[in-house]
Amino acid sequence: MATIITAVGFMTALGLLLAMMLVIANKRLYVFEDPRIDQIEDLLPMANCGACGTAGCRPFAEQLINGETEPAKCTVNSNSMNEIIAGILGVELVASEKRVARLACAGGGNVAYVRATYSGLKSCRAAALVAGGGRGCSWGCLGFADCELACKFDAIYMDRQGLPVVIEERCTACGDCVTLCPKNLFSLHPVSHRLWVACLNLEAGEQAEEHCEVACTACGRCAQDSPEGLIQIQNNLAVIDYTNNSLASTVAIERCPTGAIIWLKENGTVVKGREARKVVRKGALPVA
């Protein structure tokens, strides 16, 4: 009996000792967390899309509290919600230019030649592993809609020629399409970048046109017509210097013979130059 009482007393004392140690540890090791983090997180869209540059809404809320970013960096959130967040933080809501995903390819099925029929999993990433996917242009879009399926905001759809189309109003610049495209055709740009080269083909002249009727042929006319320094021909491709974006105008597209360099209107309309070859074919080209 005495042994049992001793054991019970020992366990009770041990329990009290451990409880005291936990209380002391909790006080000594306690890390204060600003309650505004939870408040701001509740005001965020909880999309965890990464468009703000962080891994999710919680890390973004923490950066806001620490003054490391601005509410407007969340392009998914409404402007009214961002204003509320700015009010909680006691800062002014600074306007941030919207960014969108842009596709550097115009080679739909009616203008780009297919050199081999691909049979397998209907995925761009899978097709790219099989001899590049069968397109004559090894840089061109494969058209299996990986980007459309990956977009959580329904900002991409496939047109009748099998090319992705980005809806600027819905795009949040989350970057999922940029990551998934095996041809690296997507990139994120401010909406003010209206002058655009819809091609990544690095072949020149007739070699480029053998595979796609709307490929950049490196003719250099856009660079000649544009203000100095706006466009250069690099590796047989027209490259726009967006640090000189204020110089951009439709003059650069006017003499492009294939229409590879275009002007994107705010409503999504694609404008080609007066000398661009007219594409009237609606159906897909046959497999060459």
Side-chain angles (χ1 to χ4, degrees), residues 49 51 75 97-114 122-125 127-128 132-203 208 211-217 222 231 235 237-240 242 245 248 252-253 256 258-273 276 279 284-285:
C49 61
T75 56
E97 185 176 8
K98 180 180 174 63
R99 295 195 306 159
V100 294
R102 292 271 164 82
L103 179 74
C105 182
N110 62 329
V111 292
Y113 290 89
V114 177
K122 299 303 181 183
S123 162
C124 298
R125 295 173 73 85
R135 290 274 184 175
C137 173
S138 59
W139 294 271
C141 175
L142 297 176
F144 290 115
D146 289 19
C147 52
E148 179 187 31
L149 296 174
C151 183
K152 297 185 287 288
F153 302 96
D154 296 325
I156 298 177
Y157 70 91
M158 305 301 291
D159 68 13
R160 62 182 296 178
Q161 304 302 341
L163 271 182
V165 177
V166 177
I167 304 172
E168 288 192 1
E169 293 78 10
R170 297 181 183 177
C171 182
T172 65
C174 69
D176 285 350
C177 56
V178 178
T179 302
L180 280 175
C181 180
K183 300 291 186 177
N184 298 314
L185 292 171
F186 282 101
S187 55
L188 302 179
H189 285 259
V191 291
S192 61
H193 291 182
R194 294 295 174 188
L195 185 64
W196 184 248
V197 181
C199 184
L200 276 187
N201 194 319
L202 300 183
E203 295 178 311
H211 304 303
C212 180
E213 295 176 3
V214 295
C216 175
T217 61
C222 57
I231 300 177
N235 298 320
L237 185 67
V239 177
I240 301 169
Y242 286 111
N245 191 51
I253 73 173
C256 177
T258 63
I261 185 167
I262 59 177
W263 186 267
L264 297 166
K265 288 188 174 181
E266 292 184 10
N267 62 4
T269 303
V270 174
V271 180
K272 294 186 177 183
V279 178
L285 289 168

Under 3.5 Å, side-chain donor or acceptor atoms of residues 98-110 against the rest of the protein: list the pairs with distances, not counting sequence neighbours.
from, atom 1, to, atom 2, distance (Å)
K98, NZ, E168, O, 3.3
K98, NZ, C171, O, 2.5
R102, NH1, H193, O, 2.4
R102, NH2, E168, OE2, 2.9
N110, ND2, R281, O, 3.0

Side-chain donor-acceptor pairs of residues 135-145 under 3.5 Å, sequence neighbours excluded:
from, atom 1, to, atom 2, distance (Å)
R135, NE, C141, O, 3.1

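For the pair V191 and E97, the minimum side-chain heavy-atom distance is below 4.5 Å. Counting only heavy atoms from C-beta outward, the side chains of L185 and L200 approach each other to under 4.5 Å. Between F186 and P164 the shortest side-chain heavy-atom distance falls below 4.5 Å. C216 places none of its side-chain heavy atoms less than 4.5 Å from the side chain of I261. Looking at heavy atoms from C-beta onward, V214 lies in side-chain contact with V279 at the 4.5 angstrom threshold. Side-chain contact between C256 and T258 is present, with at least one heavy-atom pair separated by less than 4.5 Å. Between C49 and F153, the closest side-chain pair of non-hydrogen atoms falls below 4.5 Å. Side-chain contact between C181 and D146 is absent, with no heavy atoms from C-beta onward closer than 4.5 Å.
Judged purely by atom type and a 3.5 angstrom limit, Y113 has no side-chain atom pairing as donor or acceptor with the backbone of E213. Proximity of a side-chain donor or acceptor of T172 to a complementary backbone N or O of T75 within less than 3.5 Å is not detected. Using modelled atom types, no side-chain atom of N235 and backbone atom of L237 make a donor-acceptor pair closer than 3.5 Å.
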From CA spacing to verdict: side chain to side chain contact (heavy atoms under 4.5 Å, CB included), V165, I156: CA-CA 5 Å; V165 177; I156 298 177; over 6 Å; no

Full working for side chain to side chain contact (heavy atoms under 4.5 Å, CB included) between V271 and I253: CA-CA 8 Å; V271 180; I253 73 173; 4.0 Å; yes

Side chain to side chain contact (heavy atoms under 4.5 Å, CB included) assessment of I231 paired with L195: CA-CA 10 Å; I231 300 177; L195 185 64; 4.1 Å; yes

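Atoms CH2 and CD1, from W196 and I240 in turn, are 7.5 Å apart once rounded to the nearest 0.5 Å. A distance of 9.0 Å separates CD in Q161 from CG in L285, rounded to the nearest 0.5 Å.
Looking at D176 and K152, a side-chain N of the basic residue comes within less than 4.0 Å of a carboxylate O on the acidic one, giving a salt bridge.
When all heavy atoms of L264 and V270 are compared, the closest pair comes out as CD2-CG2, 3.8 Å. For the pair P182 and A128, the tightest heavy-atom approach, listed with the atom from each and the gap, is CB-CB, 3.9 Å. Of all heavy-atom pairs between A252 and C222, the closest is O-CB, 3.3 Å.
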